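Beneath this line is the structure, given in structure tokens, with notes to follow.
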There are 2 protein chains.
Amino acid sequence: MGRGDHTEQAILEAAEAEFLEKGFALAKTTEIARAAGVTHAMLHYYFRTKEKLFERIFREKVRLLAESLAATFDSGRPFMEQVAALAGAHFDFVAANPCLPMFILREIHLNKERREVYLPLLVAPLQATISEVGKQLEAAARRGEIRSLRTSDLMFSIASLNVMTFVGLPIAKEAFGMDDEDVRQFVAQRRAENIEVVLSRLRK
Amino acid sequence: MGRGDHTEQAILEAAEAEFLEKGFALAKTTEIARAAGVTHAMLHYYFRTKEKLFERIFREKVRLLAESLAATFDSGRPFMEQVAALAGAHFDFVAANPCLPMFILREIHLNKERREVYLPLLVAPLQATISEVGKQLEAAARRGEIRSLRTSDLMFSIASLNVMTFVGLPIAKEAFGMDDEDVRQFVAQRRAENIEVVLSRLRK
DNA sequence: TCGTTGTTTAACCGTATTGTTAGTTTTGAC
DNA sequence: GTCAAAACTAACAATACGGTTAAACAACGA
């Protein structure tokens, strides 16, 4: 079955690229097959439908996202340091998967039925991190270490700044007239800047 | 020509809704015609192609965005106040056009050729505001009123926080378990929070 | 009333896309 | 080597979509 495994893997890899770039609705199974170097009937032979193939890719990507966040928040250090580490880790994850945010936003926005299926898949693995951050935030506020803030606002600001760094990059490139080297520098600076923005908000 | 004007207007309104919701590639001319209550041949009679109809909608939306930003920045007041006003005005615009950011991001991300055509259309009207903010920012920094900051970082943070408030709303709703009333409150709080985040970054 | 012009309809064309199927080749256990 | 199961191919089916066209219809001034 070595031959079959190779074909399946080739389809999966081509599907990931195609789905991430274009989203479910715009991805073509024929193009996935072409990129994988197989007949498009093979795609149906191994995965039955486009939907099932998509779901496999989506679940894997969401699992990756959740894993990358779960590990970073440990309660031994000062709260400000923990927040900086969390924001940095999230930035690094998005930097390593720059197509993923737009991919997820697109799928979530498309239609209600799809949202109801895939949104819980995305959010469930994040709940543990959210509630842990919430606890630490309240404790730090009680100790007077930080300016008080809603957990939802803190988390949302971190995610917004980091995600937009990559989702909005083409616009920033045009708006600020950046060449490729400028872009590289801009992204690197954004990592520090996003963290600094969040920490500034927390300082008394 | 009264009859024709009405048909044209009905198509334009249906097209705006369809394009904003689904983007160019996923919008169906047949669906636009159905929603407008006319034969889909009428769409081609008035606008020739899907592309031309789309461009009309896109240009109008971009014009709207640029207008809403150009007016808010006047140099008479303290810099911090000006920034707060700009961020607030941008937030209000996005709140009044909640589908627009996702629409623009989708189109910009889709393919290179399209990006090259539509991105300058979007960015050109913003240049005046960007350079004016840049001048005021440098002046305020020289006067020691604020912590120094790159113009691109300031503008990008404002846009990121405001845009994501609406683009990421479905995810936030699920992640923080909000009902419709919570969502209303969250959005209202986000306006103040986004401004506060930006101002915190500027304070010495 | 006639004819011109602009508007509308229904039918059609070509193409692309997801999915199926019947039949062929390859593989691996015996 | 044989044979059954797995892997694969090529052709087809069904539908949907953007766009065209020819003919019908309405408005309206001469």
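What you see is a predicted model, and the numbers here were worked out from it, not measured in a lab. Side chains included, hydrogens not; waters and symmetry mates left out as well; all remaining heavy atoms used. Letters A, B, ... are given to chains in the order of the sequence lines, protein chains preceding strands, and every chain is numbered from 1.
- Between A/E67 and A/R63 there is a salt bridge, since a side-chain N of the basic residue sits under 4.0 Å from a carboxylate O of the acidic one.
- Using a 4.0 Å cut-off, no side-chain N or O of A/T29 falls inside it from OP1 or OP2 of C/dT17.
- Here the C1' atom of nucleotide C/dT8 and the NE2 atom of B/H6 are 14 Å apart, to the nearest Å.
- Under 4.0 angstrom from either OP1 or OP2 of D/dC8 there lies at least one side-chain N or O belonging to A/T7.
- In terms of phosphate contacts, B/Y46 brings a side-chain nitrogen or oxygen within less than 4.0 Å of OP1 or OP2 of C/dT8.
- With the nearest nucleotide of DNA chain D identified for both A/Y45 and B/T49, A/Y45 has the one nearer the 5' end.
- In this structure, B/A27 reaches the sugar-phosphate backbone alone: every heavy-atom distance under 4.0 Å involves primed, P, OP1 or OP2 atoms, never a base.
- Classification of B/E174 and A/R115 as a salt-bridged pair fails, no side-chain N sitting under 4.0 Å from a carboxylate O.
- Judged by the 6.0 Å and 45° rule, A/R190 forms no cation-pi pair with B/F156.
- Between B/T39 and the phosphate of C/dT8, there is no side-chain N or O to OP1/OP2 separation shorter than 4.0 Å.
- No side-chain heavy atom of B/F47 sits less than 4.5 Å from a side-chain heavy atom of B/F54.
- Rounding to whole angstrom units, CG of residue A/D5 and C1' of C/dT27 are separated by 13 Å.
- Atom NE2 of B/H40 is separated from atom P of D/dC17 by 10 Å (rounded to the nearest Å).
- Contact annotation for A/T30: base contact, defined as any heavy-atom pair under 4.0 Å involving a base atom.
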